[in-house]
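Below is one structure, written out as structure tokens; comments come after it.
Throughout, numbering of the chain's residues begins at 1 and tracks the sequence. When a ligand or atom number is given, it counts from 1 through the structure's own listing order.
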Amino acid sequence: MCGIVGYIGSQAINSIMLDGLKELEYRGYDSAGIAVMQDEGIRSFKAVGKLENLRNKVAEYEPEGFGVGIGHTRWATHGKPTELNAHPHNLTHSYVVHNGIIENYQEIKSSLTTECISQTDSEVIVHLFEAKLEQLDDPWLAFQKMIHELHGAFAILLITEKLPGTVFFAKKGSPLQISLAETGCYFGSSDAPMLEHCQESLYLEDGHMGYASENEISLVDWQGKTVEPVFKAMASSRFSAQKEGYRFFIEKEIYEQSQILTESLMGRLDDNQIKLEELEPEWLLKYTSITICACGTSYHAAMVASYLLERLAKIPVNITIASEFRYREPILDSNCLFVVISQSGETADTLEVLKVVKQQGMSVLALCNVDNSSIVRESDVSILLRAGIEKSVASTKAFSAQVMALWLLATYWGQLRKTLSSKRLSQEIQAMRQAHQAVTVPAEMHERIHRLSKRCLHGHGFFFIGRDIFYPLALEGALKLKEISYLHAEGYPAGEMKHGPIALADAELFTIALMGKTLLYDKIKSNVEELSARDATIIAITSETFALADDIIQIKGQEHPMLEFFEMLIAVQLLAMEVAIRLGHDVDMPRNLAKSVTVE
Ligand code: M6R
């Protein structure tokens, strides 16, 4: 995810900015930039790739004395990781850095008289600001008017030669904080870049905006009412700052899923239609079937998609594991859209498949989290997952972003193929809008799973069972538990247990039953009853009451299967994490595993 820094004061401004950006590296980025304003005007530097590239560019410029700076690390979501797309973006007098997504950027762009030169959504901010400035001749008024026209999520810092010594800021949906110290005023998108200089920080709330000088902050809320700044203590160390208050990266990433699902929908939903600007309707409509290829967790996302695509777009789906597909001498059909899914974009098995099918003249669509990755470069079209960097080896937030992107794809395709009634389409869109709530972790659920996890440290194995889309979720739950707790776990379709695995059932066999009420509830209930009758220990994840369960992880319950899916997803992720923590394992870096598997 992108990172922001800013500074007003008389210390070595370039070092403060570049060192601050360095502290944000843990969030992942593919380009970076800074802009520094002094009496003689504003200078800006940008570079693609590592911060070292930016440092080299800035090397010959050493501003002394008082200055104002803003800086940014960018994780591409709109437009390639190029210098043109890197922040800060500028127009005649002003520069801006932005985290988040401006949903209505196309609309704003078409209303402007100035021409945007990047492919980003962010550039319109500075253009709109300058347009307002021209009309109003008052930078603060222009800034407020401009902010009120933005839809979406943002943390923004803006500087303008029209008001030297000042940084304008605004926050809605993306984090932003400000600190005042003896050495000046500091800005950041998290504690990490500020810790070296300050002890406490003003954590802006949504709708807050204002302007700051070297030693003063003026703050208002969305209605323009003055707000008294309240400063709070920051994280105690750099390491805990990077985890942003969580014990482990995996925990942070599980909790981040709500924000990620919000961001993954930005600009992609209207009231009654899906907009996937990456996919030209005519291009997509020419395909009559789809093959999806991936590994590990990404393969589980593909399995979910197989249900969704058939149901919503009425299109035949074939899913395949990359390491198997390569050697089976597949028969390819040019009317079939080939899709690869990968968090990292570097998985060797998936990449090799992609090369093989490309050589045979197939078009490939990639769903990927890393824009400049090999898989994105090799594919014809890509949809970026917008999950930000995933540090924990066990994938969590990238999975939910993959599932959301595939749900969007299936619904979009259904919309184009007219396989969805307008009622069904709007039900799907409404449910998508609620997905971020479904993956918000309820405190009582986490506490319950923490307590329950102590009962899961022994036994001869775990079966995660589910039906329909809850079956790939069962596979994913089992994979998470295996990866970080090193306990044996299997995911199984609930109806298949009686065809063999039920022979393993006894009190030492833990069955985690994913009992969503929206799909085949009565069926899975009977499957669980069969296991319970053989004395298996049952942990049910459900919104219903189920007398035969030894333990229940209660979910709120939803009317849409995908929302139940997301609610149960956080339950299985937390269960795996809590069991692994109790067993004393390194949950972020499990033994024998690598984040990106670049060998066959
Ligand atoms: O980066 P990719 O999505 O291509 O990676 C695929 C798998 O290696 C990956 O999902 C792996 O299974 C994870 N460790 C799952 O947590």
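For atom 8 (O) of ligand 1, the closest non-hydrogen atom of the protein is Val597 CG2, 4.0 Å. Closest to atom 1 (O) of ligand 1 among all protein heavy atoms lies Ser344 OG, 2.7 Å. The protein non-hydrogen atom at the shortest distance from atom 6 (C) of ligand 1 is Cys295 O, 3.4 Å. Scanning the protein heavy atoms around atom 15 (C) of ligand 1, the nearest turns out to be Thr297 OG1, 3.0 Å. The protein atom (non-hydrogen) at minimum distance from atom 5 (O) of ligand 1 is Thr347 OG1, 3.4 Å.
Between Phe325 and Phe338, the gap from one ring centroid to the other is short of 6.0 Å.
Among residues at least two apart or in separate chains, ring-ring contact (aromatic ring centres under 6.0 Å, His included) pairs with a member in residues 477-503 are Phe463-Tyr492, Tyr486-His585.
For the pair Pro193 and Ile4, the tightest heavy-atom approach, listed with the atom from each and the gap, is CG-O, 4.4 Å.
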Notebook entry, point to check: side-chain hydrogen bond (donor to acceptor under 3.5 Å, both in side chains) between Gln259 and Glu263: does it pass, once the steps are laid out?
Noted result: CA-CA 6 Å; Gln259 165 94 16; Glu263 291 201 4; 2.9 Å; yes
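Any N or O atom pair closer than 3.5 Å counts here, and Thr350 shares no such pair with ligand 1. The distance criterion of under 3.5 Å between nitrogen or oxygen atoms is met by Glu483 with respect to ligand 1.
Every atom of ligand 1 is numbered from 1 in the order shown, and the set under 4.0 Å from a heavy atom of Gln343 is 1 (O), 2 (P), 3 (O), 4 (O). Annotation for ligand 1: atoms under 4.0 Å from non-hydrogen atoms of Ser342 are 1 (O), 2 (P), 3 (O), 4 (O). Within the listing of ligand 1, atoms 16 (O) sit less than 4.0 angstrom from a heavy atom of Ala394. Short contacts between ligand 1 and Ser298, defined as distances under 4.0 Å to a heavy atom of the residue, involve ligand atoms 2 (P), 3 (O), 10 (O). The contact set between ligand 1 and Lys480, taken as ligand atoms under 4.0 Å from a residue heavy atom, comprises 15 (C), 16 (O).
Arg582 CZ: more than 12 foreign heavy atoms inside a 6.0 Å radius.
Under the side-chain hydrogen bond (donor to acceptor under 3.5 Å, both in side chains) test applied with Arg268, the options Glu103, Glu277, Glu278 reduce to a single match, Glu278. Under the side-chain hydrogen bond (donor to acceptor under 3.5 Å, both in side chains) test applied with Arg311, the options Thr411, Thr419, Asp468 reduce to a single match, Asp468.
Glu346 does not count as a contact of ligand 1, since none of its heavy atoms falls under 4.0 Å from the ligand. Close to ligand 1: Val393, with a non-hydrogen atom less than 4.0 angstrom away.
A cation-pi geometry, defined here as NZ or CZ lying under 6.0 Å from the six-membered ring centre and within 45° of its normal, holds between Lys243 and Phe249.
Note: Trp407 and His560 have tilted aromatic rings, judged against thresholds of 30 and 60 degrees for the angle between ring planes.
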